[in-house]
Amino acid sequence: MPGLGQRRRDHAHGRAGSARPLAPTGHDVRLKDAANGTAPWHALDAGQALARAGVGPEGLSSGEAAARLRRHGPNRLPEAPGRGLLARLRGQFENLLILVLIAAGAVTALLGHWTDSGVILAVVVLNAAIGLWQEGRAENALAGVRRLLSDTASVRRDGRRDSIAAADLVPGDIVLLEPGDRVPADLRLIEARGLRTQEAALTGESAAIDKHTDPVPPDAPLGDRRSMAFSGTLVAAGRGTGVVVATGPGSRIGRIGALLGAVETTATPLLRQIDRFARRLTTVILAVCLLVFGYAVGPGGYEWDEAFLAMVGMAVAAIPEGLPAVITIALALGVQRMAARRAIVRRLPAVETLGAVTVICTDKTGTLTLNEMVVRQVVTAPDRPAAEIGGEGYAPHGTVTGDRSAVAALARTGLLCNDAHLRADGSAWHVEGDPMEGALLALAAKAGLDAETERAAHRRRHEIPFDAAWSYMAVATEGPGGTTLHVKGAPDRLLPHCTRQSGPDGPVPIDRAAWAARIEALAASGHRVLAFAAKPLEGPDGIGHADIAGLTLLGLAGFIDPARPEAIAAAADCRRAGVAVKMITGDHALTALAVAAELGLDTQGGALTGGEIAAASEAELRRMARETSVFARAAPEHKLRLVEALQAEGHVVAMTGDGVNDAPALKRADAGIAMGIKGTEAAKQAARVVLTDDNFASIVAAVREGRTIHDNIRKVIAWNLPTNGGEALVIILAILIGLPLPITPVQILWINMVTAVALGLTLAFEPPEQGVMQRPPRRPGAALLDGEMIWRVALVSVLFGLAVFGLSAWVAARGADLAYARTLAVDLLVVMEIFYLFSVRYLHMTSVTRTGLLGTRAVWFGVALAVVAQLLFTFAPPLQAVFGSRPVSLADGAVVLGIGVVLLVVLEAEKLLRRRGRTVPVA
Ligand code: ATP
């Protein structure tokens, strides 16, 4: 279709033809070099660049593009290699516990305890292998999620605008640039309107650089090649078109050796906190071990080597070495689950903050609403009823009531002041471009206008692209009646610039009050309102904001953009979960309030406008931010102020954004969320999370996942620590009382291995607890181990210790030998771990329910593995030889199981007792 392509073609040729040579000599050189193909691209003029790239302004044909793709390969930078195996292996040994173990293995070997030293070394190796495997798993999960975020590029191929994967770009493609885009390949610009790019990625220069299409001297440094746009840089403002001259590794950024997606470290504040905690705990434990060792060889009267082994056993028992790895996995699995719910986590810490979010600030259009616009009403005279527009979606058919010629005049401006295209897909119609502009194309067709004919008769000469800061778009067209300025935009912004309104016999003075009333009425009934105006122009060389004056108002269009049904449900979820929802929109206050009411948001505080936000003092703004849920006519800088005000109020803020100017607010928010579909690359880079479906419901799903992950991490810790605590207690008590150790150091190693491998990970797979979205958000900055958890860890440790001691004493009283008693003690510890696992699965309610006891696949798989391992430990002769275990009787086995059941009952009873009287469980 001519239209956009046609206009751009004229424009490009106009520029190319008028390009001024820099100097006569330079010009000659360029022409010569251009002819033999050695001049650099930036020194060519636009026409020469197109010719050398072998492409016309209509772009490549798809066949040619496919052929070039085969020849040049995909437009992708080489992936950063992961850390080498050796480096990763070394990482496994940078762990205090492992070093302690290696030392212990060496000393035991020196002392001649070959079995012990063999077991210790086997554990070291196994530990490293498990660590490697877990780390690989976590990294794979994250890398897989990152791959979901692929870039797209707007190109012109076969004369039509299309959106393709950036990886499919080939030299010769014509690429269209808009604010916020990441330049997808090296481009020689053939058209630039106010184009500015931010090239920090390439040159380190953070100020945006003006771009134009004139050639620059061949030897210009990179930062001065203003006729080029380089891959990886961001469009800060304006629009442009360029021809691809280099892709992938051949591009500038590729040549400086930049690599794609270097693997992000998996460290998050929480992980670092736990790491620190584990390290501190280790030092304390080692100190205690030394004390106990001193006591054992001194007053305790232990043999030297026996005391040493006991000390090693205790160190191994007490240090929670596996914790950080398991938590990394819990986070990575959470990231995967969030991705399945359409929220891609770009920065791992976001997983933690999402779970703690107390307020979500969200855009309206496309996030809370479907962004499927249709014009329902057109007002062309303030004192006459609106024309009703029929039809469904973007289909260009439907009835129009009222004054058809006045509607057609308005629709013509809507059609010419428009960059969108409608595309039929079978019986369905889709928009390529802004949905509101798509709806205007459908309106024009319903009013009897043919887009191609109109665009051919009224050629676009100049334009002011839409910018949210001005809230309008204007074009100057040249047609049979001369040059005309067409403007469409926010009615409250346009009205002051209109001096006349169109009447049946030509323009008449405007009745602003009457129009204002119509605007309010349309907005209050939930319509998004747009105003249309025009005026004749005297053949200007260009147009600017000063030309938006003395306009004739053609009328108003009222669009309906239905609320997303799932967003209504999600907003209700937020209410129950104690998460406030604030709508921030560029739309009219009344439209915003009507949509907010439809979504069930709190509209009692009315709506505040961007102007009021800007005028408010900091203290006032904090109050407003607290009391108001709807912010209208808001610009990106108002978003930033709001985030800051809410954070000052102690909130953890999630903020959505899509435009290039939203980046500061997205960065500032605790969880910046960019829109994956309509969002710009600049917004995505500033955000920690990207939504692949732009849907508010996905934010709420991510909050739910975030809460679940946090719960699971607490569960992992709550399950791990008592194991360590219980074992350590048993050994300390034994030494203090002067009894033989109820479990030997190698047996402790065995227990820790079995439980870490089989049971430790299962909690990372826990589904959300029921009611996870019915409790208030956790307090920001709350300690991971709150008083309740510390109490529980202590209680379970003591119960573990007492049970093992009790059982050992009972067996000894029966006269059984020590090896038999130790086997039973090991069996008991593993069995208690299994039962405790069931108890810890629910932090907030009792586990003794049908679903609680049914468990998950992961839980049963882990339990089966632990049971088999324990049977082998008890009955298989080779393991008996290594660990000194003995077959136990059925009756004693039953006693061990019985103690496990009693433990579960006691723990659940304690949970219930503590919960009594509390209606809302607190995280
Ligand atoms: P949200 O912030 O919820 O996405 P929005 O799309 O209304 O809302 P903006 O894109 O900032 O926010 O638009 C602000 C106003 O500018 C709109 O309400 C509309 O009146 C006007 N407007 C939006 N798009 C265009 C356009 N393409 N041409 C002319 N005016 C527009």
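Whatever order the structure lists ligands and atoms in, that order sets their numbers, starting from 1. Remember, it's a predicted structure, so these values are computed and weren't measured experimentally. Keep in mind that the numbers below use all heavy atoms, side chains included, and drop hydrogens, waters and symmetry copies.
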Which one of Ala420, Gly586, Cys417 has a non-hydrogen atom at the shortest distance from atom 9 (P) of ligand 1?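 When every heavy atom of Ala420, Gly586, Cys417 is considered, Gly586 comes closest to atom 9 (P) of ligand 1.
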
Please state which option from Val595, Asn661, Asp492, Thr585 has its nearest heavy atom closest to atom 8 (O) of ligand 1. Thr585

Distance-only side-chain donor-acceptor flag, [X] / [Y], under 3.5 Å:
{"X": "Glu566", "Y": "Asn695", "value": "yes"}
{"X": "Arg346", "Y": "Gln685", "value": "no"}
{"X": "Thr353", "Y": "Asp670", "value": "no"}
{"X": "Thr365", "Y": "Asp363", "value": "no"}

Are Glu463 and Lys488 within salt-bridge range, i.e. N to O under 4.0 Å? no

Of the backbone atoms (N, CA, C, O) and the side-chain heavy atoms from C-beta on, which set of Asp434 has a member under 4.0 Å from an atom of ligand 1: side chain, backbone, both, or neither? side chain

With a heavy-atom distance limit of 4.0 Å, tell me whether Leu530 approaches ligand 1 through its side chain, its backbone, both, or neither. side chain

Min N/O separation [X] to ligand 1 under 3.5 Å:
{"X": "Glu437", "value": "yes"}
{"X": "Thr365", "value": "yes"}
{"X": "Tyr472", "value": "no"}

Has Lys678 got any heavy atom lying under 4.0 angstrom from an atom of ligand 1?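 Yes, that is the case, since the closest heavy atom of the residue is under 4.0 Å from the ligand.
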
Touching ligand 1 at all, Arg528? Heavy atoms, strictly under 4.0 Å? yes

Over 12 foreign heavy atoms within 6.0 Å of CZ, Arg641: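 Buried by this count: over 12 neighbours within 6.0 Å.
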
Using a strict 4.0 Å cut-off to heavy atoms of [X], name the atoms of ligand 1 that fall inside it.
{"X": "Lys364", "result": "3 (O)"}
{"X": "Met436", "result": "22 (N), 23 (C), 24 (N), 25 (C), 26 (C), 31 (C)"}
{"X": "Gly489", "result": "29 (C), 30 (N)"}

At what distance is the nearest protein heavy atom to [atom], and which residue and atom is it?
{"atom": "atom 31 (C) of ligand 1", "value": "Phe466 CE1, 3.1 Å"}
{"atom": "atom 29 (C) of ligand 1", "value": "Lys488 O, 3.3 Å"}
{"atom": "atom 18 (O) of ligand 1", "value": "Arg633 NH1, 3.2 Å"}
{"atom": "atom 11 (O) of ligand 1", "value": "Ala468 CB, 3.5 Å"}

4.5 Å side-chain heavy-atom contact, Asp658 and Thr680: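 With C-beta onward as the side chain, the pair stays apart.
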
Do the side chain of Thr367 and the main chain of Lys364 share a donor and acceptor less than 3.5 angstrom apart?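 No, the answer is negative, given that no donor and acceptor are paired below the 3.5 Å cut-off.
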
Please confirm whether the backbone N or O of Leu416 pairs with a side-chain atom of Arg460, one donor and one acceptor, at under 3.5 Å? yes

Val630 vs Lys582, test: side-chain contact (heavy atoms from CB on, under 4.5 Å). Steps then yes/no. CA-CA 6 Å; Val630 179; Lys582 315 248 174 218; over 6 Å; no

